[in-house]
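Shown next, in structure tokens, is the structure this report addresses.
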Protein chains: 2
Amino acid sequence: MLDSAPDSAVDPEAPSLPRIAGTVAASLHGTLLAQLRDYVVEGNLAPGARVPERLLCERFGISRTPLREALKVLASEGLIDLLPNRGARVRQLGPEEMVALFDVMGGLEALAGRLACEKITEAAFSEIERLHHAMYAAYLRRDLHGYFTGNQAIHDRIVEAADNEPLATTYANFAGRLRRVRYAANLDEDRDRWGEAMREHEEILDALRRRAGPELSDILFRHLRNKRRAAAVRESAAAEA
Amino acid sequence: MLDSAPDSAVDPEAPSLPRIAGTVAASLHGTLLAQLRDYVVEGNLAPGARVPERLLCERFGISRTPLREALKVLASEGLIDLLPNRGARVRQLGPEEMVALFDVMGGLEALAGRLACEKITEAAFSEIERLHHAMYAAYLRRDLHGYFTGNQAIHDRIVEAADNEPLATTYANFAGRLRRVRYAANLDEDRDRWGEAMREHEEILDALRRRAGPELSDILFRHLRNKRRAAAVRESAAAEA
DNA sequence: GACCAAAAATTTGCATTCATTTCTGCGTGA
DNA sequence: TCACGCAGAAATGAATGCAAATTTTTGGTC
């Protein structure tokens, strides 16, 4: 092990820093990281494919050093795998991994719902209520895109209302990992699930209105579980095709 | 934005890889990362202090390139802050950040409890039961260290029983961030809290025995909330000292 | 024609080097 | 005495160079 003596060589000053937002302040490196992350999340690279350093360097107009730094971060975020001496590969989600990630998403949403009940303002609730009604209207007219957009917005607002920065960051991370599996499509072919989801959203709004944290927490987790079930069905169906 | 055409230049092969464990396979870089993380988590650097690249390079016997890569990852994990052109600093937790992190820990434990109820084996439950009784014995004899060790072990076993890799990783991450604040001491000066915590653990074991997922989930979240309250009291008391 | 071995070419990992920015120390002037 | 400003020094951010490993290509054999 390393010697465990505290490093008194470093200055123990800096009592209160400017507290730059987030983990990495708005910098050049941060920009590249965001770009590369989007590049991967948006599916520009095939799952399981090699991530070619040289090509990406040319594409982003930088040298290998900052790119490799960004790759290490993306690996720690779970977006890519790093194989020793064999480069990076886009992480491929097997069924088990997808199930696990969905469950974590459910847990995070459950937490967000509970915290939101404690902290949400009346104005923020009204906004969610408005989104809910708009989503319901989309549901009635079988407007899948409108429904999905509203659904996404509602969940995001709940996380936002939780007012917890680490939670929001972690939530975004897992959402990004699952972005690649388009789990929100084909509801129009699954009327039962769509109606069920809509009913669950009624419960969500109701619990949020009553600021019933634990209850909302439970509803949200089950909501994600059901969403996962629907996605899993589609997934296996797609695999057979 | 970048051109959005999928990169068909990369090979779309690699249907199923050997699935190296975790985000980063056991490599030299992974080793350094773990070492550096421990170095920070164990408090060898004062909170808010600069992280001196040069010194750490000498200490670990490497050049700046791999060290800087590791620093970027640590920043993404929330252990340090990266200030553009001004180096890395050990992240300092203010009261609000600590509260936020505790809540996320609570949410993760709540999730772990729920999943554990679904998946735990009888053997794993028996082990937790054993740990619980050992912890209770420690409580009776006012053995703080024994109590704390057992407590930690129980929570870890629950996360383990949840059998969810991303959850375990995220849990470890947040636990590491909070490691620096020693929130588990001084229970002997707070008999009420200690007894309360012990009662909560009785509930936890009971719910787990009945495989009552949602119930256990709720108990665990409240358990963490109460732990946070106790820690917060100590924190402010220490701040006044 | 398929299979295997060896060498060339590419790629990765890390060290080193260079440009730019920030920090430090000291002097000047109000 | 204090504020301001200006070199010099140190540190950061990024590019390049080099050794080791891997992948691909080539040549040979069965």
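Letters go in sequence order (proteins before strands), and every chain restarts at 1.
- A/L55 has its CG atom 12 Å from the C1' atom of C/dT10, to the nearest Å.
- C/dG13 atom C1' lies 11 Å from atom CG of A/L82, rounded to whole Å.
- Each of A/G61 and B/A88 was assigned the nucleotide of DNA chain D with the nearest heavy atom; the assignment lying further toward the 5' end belongs to B/A88.
- A donor-acceptor contact closer than 3.5 angstrom links the side chains of B/H155 and B/E109.
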- Message: Between A/T169 and A/E165, is the side chain to side chain donor-acceptor pair (under 3.5 Å) condition met? List the steps.
- Response: CA-CA 6 Å; A/T169 301; A/E165 197 274 319; 2.6 Å; yes

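- Side-chain atoms of A/R64 come within donor-acceptor range of the base of C/dG13, with a qualifying N/O pair under 3.5 Å.
- Here C/dT12 presents its C1' atom at 13 Å from NE2 of B/H29, a figure rounded to the nearest Å.
- Counting atom types as modelled, A/T65 pairs a side-chain N or O with a base atom of D/dA15 as donor and acceptor under 3.5 Å.
- Set against D/dA21, C/dC23, D/dT23, the side chain of B/R50 has C/dC23 as its closest nucleotide.
- For the residue pair B/Q35 and B/T31, no side-chain donor N or O sits within less than 3.5 Å of a side-chain acceptor on the partner.
- One can place CG of A/L56 at 17 Å from C1' of D/dA14, the figure rounded to the nearest angstrom.
- When each of C/dC23, C/dG13, D/dT12 is scored by its nearest atom to the side-chain atoms of B/R86, the top-ranked nucleotide is C/dC23.
- Comparing D/dA15, C/dT12, D/dT12 against the side chain of A/S63 picks out D/dA15 as the nearest.
- Remark: C1' of C/dG13 and CZ of B/R68 are 16 Å apart, rounded to the nearest angstrom.
- Relative orientation of the A/Y39 and A/F60 rings is perpendicular, given thresholds of 30° and 60° on the angle between their planes.
- Between the C1' atom of D/dG13 and the CD atom of B/E69 lies a distance of 13 Å, rounded to the nearest Å.
- In this structure, B/R54 does not reach the D/dT12 phosphate: none of its side-chain N or O atoms is under 4.0 Å from OP1 or OP2.
- Here C/dC14 presents its C1' atom at 12 Å from CG of B/L32, a figure rounded to the nearest Å.
- Closest heavy-atom contact between B/L93 and B/R177: CD1-O, 3.7 Å.
- Taking atom CG on B/L67 and atom C1' on D/dT12, their separation rounds to 12 Å, with Å as the unit.
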